[in-house]
Structure formats: C-alpha cells, structure tokens
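The structure appears below as structure tokens.
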Amino acid sequence: SAFQPLAPVWTAVLAYASCIESLPSPYLLPSPRMTLLFLVLGLLGMFGGQVLFLAGVYLAGASIASAFQPLAPVWTAVLAYASCIESLPSPYLVGLLVGYLWCA
C-alpha cells in the first residue's frame with residue numbers, strides 16, 4: 001500500500017504518543033541536554049563498536065578478529081557478573097568457561 005514505507009515513522013510516533021500519554025506529569029520529560037546526551041551515546045554505541053571492530057580487523061588481521069568476535073557475549077556476561085548485575089549459578093559458570101575455551 002502507499003503507507004507501507006511510512007510504517008516505521010508511524011510506529012515511532014505512536015510509541016512516543018503512548019509514552020507521553022502514560023506520563024503523570026509533563027514535567028517528567030527529559031531535558032534537551034539529557035536528550036542530546038542520550039542521542040550521542042546511542043550513536044556511539046551503534047556505530048562506535050563497528051568502527052572499533054573494523055579498526056581491530058585492520059590492525060590485528062581477520063583471523064584474530066574472527067577468533068574474538070564470538071567472545072562478545074561471554075565478555076558481556078562476565079562484566080554483568082563482575083558488577084553484580086547478574087547472579088552466577090554454576091551451570092552458567094561452566095557454560096562461560098566452555099565457551100571461552102572453545103573460542104579462544
């Protein structure tokens with residue numbers, strides 16, 4: 001249909017309207033400074049990791065990069081456990097060790 005290319009736009013508009021409608025007060029909206037900070041951090045998170053990965057491929061080579069790329073979820077879990085965000089049951093610990101030793 002003619003409106004199909006606009007589907008992501010309408011989804012974003014409806015999500016924003018839903019958030020605004022559910023707020024108890026208009027004073028809870030983020031400040032422009034916080035909105036800008038959120039935008040910058042989001043862009044750095046989306047594109048910065050890819051740029052750094054490509055720089056690592058350039059500097060270290062494709063074989064090293066292909067060995068370390070599958071370790072990204074393992075490092076995420078290790079950081080979550082180290083910062084006490086997640087608990088560490090023993091089956092997860094065994095899975096982390098097996099995943100690390102398998103990839104490294």
Establish whether Val51 and Val40 are linked, either directly or via other cluster members, by ILVMFWY side-chain heavy-atom contacts under 4.5 Å.
no
dist Leu39:CG -> Met34:CE (nearest 0.5 Å) comes out at 12.5 Å
Is it the case that atom CZ in Phe68 sees more than 12 heavy atoms from other parts of the structure closer than 6.0 Å?
no
Which distance, rounded to the nearest 0.5 Å, do you find between the CG of Leu54 and the CG of Leu59?
11.0 Å
Under a single-linkage definition using a 4.5 Å side-chain heavy-atom cutoff for Ile, Leu, Val, Met, Phe, Trp and Tyr, are Trp75 and Phe53 assigned to the same hydrophobic cluster?
no
Hey, could you give me the CG/CZ distance between Leu52 and Phe47, rounded to the nearest 0.5 Å?
13.5 Å
Same cluster or not: are Leu97 and Tyr81 linked, directly or through other Ile, Leu, Val, Met, Phe, Trp or Tyr residues, by side-chain heavy atoms under 4.5 angstrom apart?
yes
Look at the side-chain heavy atoms of Ile, Leu, Val, Met, Phe, Trp and Tyr, link any pair under 4.5 Å apart, and say whether Ile64 and Leu71 land in one connected group.
yes
Over all atoms of both residues, closest heavy-atom pair of Pro73 and Pro70:
CD-O, 3.3 Å
